[in-house]
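Just below is one structure, and these are the notes that go with it.
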Amino acid sequence: MKGFDYKTDAWIQWCPGCGNYGILTALRNAIAEVEIDPKKLVIVSGIGCSSRIVYYIRGSNVHTIHGRAIPVASGIKLANPDLMVIVAGGDGDLLGIGAGHFVALGRRNIDLKVLIHDNAVYGLTKGQAGPTLPSAVKLRAMNYPNSHEALNPLLLAFASGYTFIARAFAYHVKPLKDLIKEVLMHRGSAVIDILQPCVTYNDLMTRDWFEKRIYYLDSLPNESELLQKMKEVDRIPLGVFYKIEKETFDQKINSIMGRKNKGVRNV
Amino acid sequence: MKERKCANCNNWSPHNLYSFVGYCYEKKKLSFSEYFCELFIELELEEEFYWCGTCRSIIESEEVKEHISKRHRISRRAFMDPDYREEIYEG
Amino acid sequence: MKVDLSLAIGGFQGGGIESAGQIALRAFVLKGYEVFGSREFHSNIIGAHSYYHIRVGGKALRLPLDALIALDAESIFTHLQSLSKEALLICDQYSLTTKASEIPSMSKALKRRIEQNYGDLSLNKILTDQELKIVALPMRDLLKELSHERSMISVSKALNVMGISAGLYLLGLNKETIKKAIEGQFSNPGINLKAMEIAIEKVKDLERKELPDGKKEDKLILSGNEAVAMAKISSGLDFLSFYPITPATDETLFIEKSGKIITVQAEDEISAIGMALGASLAGLRASTSTSGPGFSLMNEMVSFAVQAEIPIVITLWMRSSPSTGIATRTSQQDLLHAIFSGHGDTPKVVIASGDHSEAIEDTARAFELAEKFQIPVIHLLDKFIASAITTVDKNAFRTLPKRDFSENSDGYLRYKITEDGISPFLPIGRATMIVSSLEHDEYGSATEDPVDREKMILKRIKKLEKASEVLSEESYSVYGDHEPEITIVSFGSTKNAIMEAIEELKIPIKFVQLRILSPFPDLSKELVGKVLVIESNAGQLSFLLKVHCRVDGTAKKLNARPIYVDEVVKAIKAFMNGEKEVIMSEGV
């Protein structure tokens, strides 16, 4: 199948130039190359600009409520481990209101793939500071400079126990597609922090701003350099930072219960 | 010098709920507060925390003197039934 | 001879009250009597006063107490005013020298009340003027005797068995029955049986009257938490997610222990209901259990379940609120919270059960309704039912067929408009679809179109109208006289106390017990004479009934304690004498 086969007839509501377009194309192409049956593809989103992605990819998708995609996706995956379940949401959705669930997912290592559409602002509500916006920055719609420190999604993911942690840039569609393909093959809680500009509200972290700073990791960082790489801010490394194999939550639950998965299967 | 009985012995801890009975950590068995034996050692006041049987509460070393002056029953710790968890309700 | 007894076993939390209570219940069941045991305790791990109130010969609690088995002095002080004039009081001889002021775990408020009534005197002095039958056991000596015979480590489980054995024996049970009850309680009962022997030996010459055998039946003895857990398992529950909260956790842990059901401890109640909704979307029979504070967090998800049309059963064990309130005590304060939960127009079903048997019945019914109408169903219960123990029919449990997914997946429309508003359900993973919290079209795509919007909101409301039709006959039960002077309306765990009060009063009273509170049934033809609402809150059912029909008076229970037959009798009499508002204040 081709990425085009997963297109829906919904009109896309994102602003022209939005990073979400890059993510949408990369995700669609990755899914097509892995040849996932649309019925078994489950994209679960919260609320925000990026969460609209469920309407633009043909699947068996769920649009939940603000911050709560991870719990609903967890229930789906535990009920039916045969499904490919992807969580999509913004940094506000996943790391602000939903941060507790983001941490809990890492602790559980449920086989869910989390895509953070990270633009450091709340777009739908018109440009308030998101959890990843650096301190003291005043974006165009903000009344005062940001009085919060920025959250580092990679460090949070690492501390929480995610077994696959990566960073990507929304406009580098082909590398992003390859990274998503890799994440789809991973078994366990995986996260890609996808940096994206918000053309309307984030007048600091523009496409140009990112392109001056980003570079690709040559290889998986070793233990001694891992945290250093995750913490870098002046230059922004992209790629896979951390990747390990571990027993997943549903495997554990099922071995505790002494039985095989009893989800709904045989589609 | 205190009376030589379990209640005043360094080796003995009263039951947290029923203070007339307790546990001897030397003999590793229950005994009653008024018993005594050759292993008696007077309570040593060198710990950071104590059990006050009168108040049924843990007290700090600075409070010990005050409790003793009120004739409270002080010991090193309290003994709890090994299976007390089975009797506790969620809450 | 009808045997009717009310007794309490009191002592320290963690001090063997639970096993003593269970021994007593088991003994009376073995003898062939109806039993009901209520557990009252503090939100505390160890040392605060807790007690078991047992009714023999009925399913509701009665006061005053015919007997008190007090394992400590605080129990005597606490229940002194609840004892009947000639009640049997079994206690430790040494606790009689205690003054209330000397008991560190007793609340300041109770100490104050005792001092006002009696002065700061030792129990010995307070009890001299009473006509109670006091059996003061030398517990320390009995324990010494036991420790000479056996090496012993659990003090509480020796003293409680001594107290309860002496008590049951003096109340007229024979040694053989008590022995069997103890053997049923402990896996290795040797030392406990010896404790029983010693205690009964001590009281064997006292006056007692042997109780006759009752009617022996083969029934289960269950708490409300266990009854609901077993009903969920029997109903074919596949998935349960929860966040620990009193008094719901015992239900979930029972289910987890069964080993057959995916049980997940979530990071909070939002996640608990979120996971259950996800599992339900994937086709499993799913549920979550909580109490008021947790249900507050679930509110947004209730609205999501309505909008996205996801079946879910939420078991809401009410406790004393607002806020953390008194976490281990009962109330019915979440009625309006449940009915009006979720923002927006959120049609849902709210079911309330009056006792253990109804709770079992309603659990299966909750799943049927949730899945048929693809809505949240809130099953209202309370802490009183949760921790009370009583007998239940072995065949009370129903099994349900698996959820039906026969719809064709080609061209599937998740929100297809149909005559009754119900769209065929296919789980996630069986067809391409969108399940959406946004207003949506039939496929599930987001829409803000006014015509689509109106259609969808009417579709969701139509489902509840349909539910209302299906439920009309079963929304409430009617007991008592059909041409009465007054009609009592109530819901939930007040049921058995009201039934028994009516029986006792021997005046024509009709009792309408609501089982379904949303959609609220039409009671216009049922309310005859003056209408009295009885409830354990500040007037929530009264409010609903005023909106839908009429109310003449309300009897309220506000002290976070269970409801007693005797205070209901008094409340009805007061209402008949013209009082519009009665506060029922029994219980310690």
Side-chain angles (χ1 to χ4, degrees), chain B residues 5-7 9 11-37 49-60 63-64 66-75 77-91, chain C residues 11-22 39-48 50 71-72 92 94-95 102-105 139-141 143-144 146-147 151-160 186 223 225 244-253 319 326-329 383 386-387:
Chain B
K5 59 178 185 179
C6 290
C9 178
N11 298 325
W12 191 81
S13 293
H15 191 273
N16 64 317
L17 305 174
Y18 301 100
S19 58
F20 55 82
V21 63
Y23 187 76
C24 174
Y25 287 89
E26 276 300 310
K27 294 194 163 177
K28 304 211 178 327
K29 60 182 251 190
L30 289 181
S31 69
F32 289 80
S33 58
E34 71 275 22
Y35 286 9
F36 66 91
C37 78
F49 297 102
Y50 294 88
W51 170 256
C52 174
T54 311
C55 299
R56 295 214 326 258
S57 170
I58 294 287
I59 56 171
E60 293 171 37
E63 301 171 280
V64 169
E66 193 196 330
H67 285 253
I68 289 175
S69 73
K70 290 185 192 161
R71 298 172 163 265
H72 286 189
R73 298 185 303 272
I74 307 296
S75 51
R77 56 195 145 178
F79 164 70
M80 287 156 85
D81 290 326
D83 53 2
Y84 74 93
R85 287 166 201 84
E86 294 165 21
E87 301 287 333
I88 286 166
Y89 304 111
E90 64 159 315
Chain C
F12 307 102
Q13 162 101 288
I17 305 308
E18 177 57 21
S19 49
Q22 288 201 21
R39 300 185 273 192
E40 284 294 311
F41 47 93
H42 282 79
S43 181
N44 152 278
I45 291 180
I46 200 160
S50 69
L71 296 175
D72 65 344
D92 179 1
Y94 301 100
S95 61
E102 294 166 347
I103 303 173
S105 50
M139 287 294 193
R140 183 202 298 235
D141 302 335
L143 196 67
K144 274 182 192 166
L146 182 65
S147 68
S151 79
M152 173 194 52
I153 198 87
S154 186
V155 172
S156 297
K157 278 188 186 162
L159 292 173
N160 71 344
F186 302 110
S223 74
N225 281 144
I245 189 167
T246 303
T249 317
D250 281 346
E251 180 218 309
T252 43
L253 295 186
R319 69 186 208 191
I326 313 181
T328 59
R329 310 283 179 176
K383 182 265 156 190
S387 63

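Throughout, a chain's letter reflects where its sequence line sits, starting with A, and its residues are numbered from 1.
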After noting the C-alpha distance and the side-chain angles of Asn225(C) and Glu90(B), does the key distance pass the side-chain contact (heavy atoms from CB on, under 4.5 Å) rule? CA-CA 12 Å; Asn225(C) 281 144; Glu90(B) 64 159 315; 4.0 Å; yes
Carefully, step by step, assess Asp250(C) and Ser223(C) under the rule side chain to side chain donor-acceptor pair (under 3.5 Å). CA-CA 10 Å; Asp250(C) 281 346; Ser223(C) 74; over 6 Å; no
Can you tell which of [options] has the highest number of heavy-atom pairs within less than 4.5 Å of chain B?
options                                  : answer
Pro244(C), Gly16(C), Ser95(C), Ala327(C) : Gly16(C)
Gly21(C), Gly11(C), Ser43(C)             : Ser43(C)
Pro247(C), Ala20(C), Ser147(C)           : Pro247(C)

So which part of [X] gets closer than 4.5 Å to some heavy atom of chain B, the side chain, the backbone, both or neither?
X         : result
Thr328(C) : side chain
Ser154(C) : both
Leu143(C) : both
Asp72(C)  : neither
Ser387(C) : neither
Ala158(C) : neither

Glu18(C) versus Glu87(B), closest heavy-atom pair with distance: N-OE1, 3.1 Å
Interatomic distance, [X] atom [atom1] to [Y] atom [atom2] [nearest 0.5 angstrom]:
X        : Y        : atom1 : atom2 : result
Ile74(B) : Glu63(B) : CD1   : CD    : 9.5 Å
Trp12(B) : Tyr25(B) : CH2   : OH    : 10.5 Å
Ile46(C) : Ile88(B) : CD1   : CD1   : 5.0 Å

Under the ring pair (Phe, Tyr, Trp, His ring centres under 6.0 Å) rule, collect the residues that match up with Phe186(C), sequence neighbours excluded.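 Phe186(C): no ring pair (Phe, Tyr, Trp, His ring centres under 6.0 Å) contacts found.
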For Phe36(B), give me all partners under ring pair (Phe, Tyr, Trp, His ring centres under 6.0 Å), at least two apart in sequence or on another chain. none
Look at the side chain of [X] and the backbone N and O of [Y], then say whether any donor-acceptor pair between them is shorter than 3.5 Å.
X         : Y         : result
Asp81(B)  : Val155(C) : yes
Gln13(C)  : Ser50(C)  : no
Arg319(C) : Lys383(C) : no
Ser13(B)  : Arg77(B)  : yes

Heavy-atom proximity to chain C below 4.5 Å, by part of Asp83(B): both
Step by step, would you call Asn44(C) with Phe12(C) a side-chain contact (heavy atoms from CB on, under 4.5 Å)? CA-CA 10 Å; Asn44(C) 152 278; Phe12(C) 307 102; over 6 Å; no
Side-chain contact test, heavy atoms from C-beta onward, threshold under 4.5 Å: evaluate it for Leu17(B) versus Ser156(C) and give yes or no. yes
Could you check if a side-chain atom of Ser19(B) sits within less than 4.5 angstrom of a side-chain atom of Arg73(B), using non-hydrogen atoms only?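 Heavy-atom side-chain distance check passes, below 4.5 Å.
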Shorter than 4.5 Å, heavy atoms on both sides: which option in Tyr84(B), Phe79(B), Phe20(B), Tyr89(B) has the most such pairs with chain C?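 Looking at each of Tyr84(B), Phe79(B), Phe20(B), Tyr89(B) in turn, Tyr89(B) comes out on top.
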So if I take each residue of residues 50-59 of chain B and look for any heavy atom under 4.5 Å from a heavy atom in chain C, which residues do I end up with?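 Checking residues 50-59 of chain B against chain C gives Thr54(B), Cys55(B), Arg56(B).
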Inter-chain contacts: residues 27-35 of chain B against chain C, heavy atoms under 4.5 Å: Leu30(B), Phe32(B), Ser33(B), Glu34(B), Tyr35(B)
